[in-house]
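All remarks here apply to the structure that follows.
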Amino acid sequence: MSPQPTNALAGLDAQLEGSVLLPGAAGWDDARAAWNLSVDQQPRAIARPRSVRDIRHIIVAARESGIGVAVQPRGHGANGSLADTILVRTTAFDEVTVNVVGRFARVGAGVPWGTLLNRLDGTGLVALAGSNPDVSVAGYLLSGGHSWFSRWKGLAAHSIRAVEMVDAGGVLRRVTRESDPDLLWALRGAAGLFGVVTVLEIDLFSAPELFGGKLLFPAESAEVVIGAALDILLDAPPELSLFLGLINMPDIPTVPELLRGRSFTQVDAVYVGSEAEGQALLAPLRTIAPVIADLTHGFSIGQLGDVSAEPQDPSATLDWSTAVTELDAATIAELLEAFRTGSYAGLTLLQIRPLGGVIVDAGVGADGVAGHLDTAFVLFAAAILPPGAPVPADDVRHLLFQPLEDTLQAVGSPRTVPSLLSAGQDLGAALAPEALERLGEIKQAIDPENLFRSNRPLPSAYLLP
């Protein structure tokens, strides 16, 4: 049973231009839901501010009620129950301004990638977007962001040039390298710890031509296809990025008949350059194994989400990620066998993201806590649950992911991207101890009462008393 609202929470709705929803109100369950429906969020209230003034009232109400503030623009990145917090949805902050001459954009905290990328069509410019156009620009960049363009330009968080946010004291700050380099460093990967972000200003990059798409091969060809793809990347320019792996397609009517109920090896590719150059780079893949489907073509930045064609509707998903320092042929073979073992328990997807390029350049990553990655790959696996299915118990999670963990134990890396962390993980699973210590010091200076509860929290050992 949800706690009764305090007087501060009960009276908050009358103070806002936006709205407040309390437990038991009509629409409560839909409003509190995470994008990942396996995460059961139970906040004390849900607020949808429409202005900085609204945010200030929310902060005061939270402090008077003795609870925290957690921000989720669109529900992605949910991590836990949100007990004793006000959940803030910043979807009303929907500004999108593109400065083509200056090569930057102002983007409100509620804007999804699809909206911004469509606005960039025809400009010859790109932003450092990820694979899903439904994710908010702010949430993605402020948690690090491994982009399609990270081999070319580094982790996406480093494209943030300014952040406008309301801090724990209700002060509207404009954070830049000149005004507060320490806080900007922290916001580039761990922003949820420090305030409610309203607007970002981000760099845009010249990319007049883009090429890419999805290649599907038989599942039994996974070893040779992945090996060939990794060979391509040994000599490829950093403008080429590949996501590699296996997928088990569900046997449901919404899946095309050719793919329904089957398993495939897939290679998703994005190349910053011409179609002719991109085709030449991928040519070895077309001779190494039978091609079931070739969806590669030249495309505009507004079509970037079509490359991976990830689901955009909320679903219940169990996921897992890790970073590894190397993958030789024997380890890849064992990893694929581990995925097949997990498939019997319902594992849907295994994705390998080779890194390299600028993403491993320490000089490029020094200006943000997300930094650079001293590792060679990040891996992601997921089990997408059927609609209405109950969330499995921990023993099922063990069957899904433990074979993968066991296979990679000897080559695991302690560093990954905060945006790729799974539900239940904190920043200790992504960042080095010295970075966590520095974050704790900045947190103490900016939010000493720990009012803001990040979806990717700081380990308690680094929260200074």
Side-chain angles (χ1 to χ4, degrees), residues 16-18 47-63 68-74 76-77 85-97 104-112 116 127 135-145 156-203 367-370 418-419 427 438-458:
L16 303 188
E17 300 170 46
R48 297 185 181 275
R50 299 190 61 83
S51 64
V52 169
R53 176 180 173 276
D54 279 2
I55 294 172
R56 289 177 173 137
H57 281 302
I58 292 165
I59 288 170
V60 169
R63 181 173 285 112
V69 176
V71 181
Q72 276 178 25
R74 300 177 61 80
H76 293 271
T85 65
I86 299 176
L87 171 59
V88 178
R89 303 286 199 196
T90 51
T91 50
F93 292 83
D94 57 0
E95 175 186 354
V96 180
T97 304
F104 72 92
R106 278 180 59 87
V107 186
V111 175
L116 174 60
V135 174
S136 70
V137 175
Y140 178 81
L141 293 178
L142 294 166
S143 58
H158 303 297
S159 69
I160 300 172
R161 58 164 65 182
V163 178
E164 295 177 12
M165 57 169 274
V166 183
D167 68 15
V171 176
L172 177 64
R173 294 173 176 244
R174 179 175 167 84
V175 184
T176 66
R177 182 178 294 149
E178 293 72 30
S179 71
D180 195 334
D182 279 348
L183 184 53
L184 183 63
W185 173 88
L187 293 173
R188 288 171 166 163
L193 295 168
F194 304 107
V196 180
V197 171
T198 59
V199 178
L200 299 182
E201 289 183 9
I202 64 173
D203 291 321
D367 58 357
V369 66
S419 58
L427 290 172
R438 184 178 174 188
L439 281 176
E441 293 169 353
I442 298 171
K443 175 76 166 174
Q444 176 66 19
I446 301 297
D447 180 22
E449 297 176 327
N450 192 27
L451 182 72
F452 293 104
R453 313 291 170 81
S454 175
N455 294 303
R456 299 286 175 248
L458 195 65

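When reading the values below, keep in mind they use all heavy atoms of this one structure, side chains included, and skip hydrogens, waters and symmetry mates.
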Any side-chain heavy atom of T90 within less than 4.5 Å of one from V197?
no
Residues passing the ring pair (Phe, Tyr, Trp, His ring centres under 6.0 Å) test with F452, sequence neighbours excluded, are none
Margin query: Quick check: do K443 and N450 have side-chain heavy atoms less than 4.5 Å from each other?
Written below: yes
Separation between CZ (F104) and CD1 (I202), nearest 0.5 Å, reads 11.0 Å
The reported gap from OG in S136 to CZ in R89 (rounded to nearest 0.5 angstrom) is 10.5 Å
One should read off an interatomic distance between L16 CG and S51 OG, to the nearest 0.5 angstrom, of 7.5 Å
Checklist entry - Sub-3.5 Å donor-acceptor pair from the side chain of D94 to the main-chain atoms of G108, do we have one? => result no
Q. Between T176 and A162, is there a donor-acceptor pair closer than 3.5 Å when you use the side chain of the first and the backbone of the second?
A. no
Closer than 3.5 angstrom, by distance alone: can the side chain of R50 be matched with the main-chain N or O of A92 as a donor-acceptor pair?
no
CZ of R63 to CG of L451, rounded to nearest 0.5 Å, is 5.5 Å
Correct closest heavy-atom pair for V369 and A190 would be CG1-N, 3.9 Å
Closest non-hydrogen contact found for P418 with S143 is CB-O, 3.2 Å
Taking every heavy atom of L193 against every heavy atom of L458, the minimum-distance pair comes out as CD2-N, 3.8 Å
Problem set entry | D54 vs R48 side-chain heavy atoms within contact, under 4.5 Å | no
Show the numbers, then the answer: is there a side chain to side chain contact (heavy atoms under 4.5 Å, CB included) between V196 and F93?
CA-CA 11 Å; V196 180; F93 292 83; over 6 Å; no
Between L200 and A138, the two heavy atoms sitting closest are CD1-CA, 3.6 Å
Rounded to the nearest 0.5 angstrom, the CZ-CZ distance for R106 and R161 is 11.5 Å
* Is there a side-chain contact between D182 and R438 (heavy atoms, below 4.5 Å)? -> yes
One should read off an interatomic distance between E441 CD and L439 CG, to the nearest 0.5 angstrom, of 9.5 Å
Closest non-hydrogen contact found for G110 with P73 is CA-CB, 4.4 Å
Nearest heavy-atom contact between R453 and A70 is O-CB, 3.5 Å
Residues at least two apart in sequence or cross-chain that pass side chain to side chain contact (heavy atoms under 4.5 Å, CB included) with R173, listed by chain then number, are M165, D167, V171, V175, D180, L183, I446
Hits for side chain to side chain contact (heavy atoms under 4.5 Å, CB included) against A156, two or more places apart or cross-chain, chain-then-number order -> L128, Y140, L141, S147
E17/H57 under side chain to side chain contact (heavy atoms under 4.5 Å, CB included): CA gap, chis, key distance, verdict:
CA-CA 10 Å; E17 300 170 46; H57 281 302; over 6 Å; no
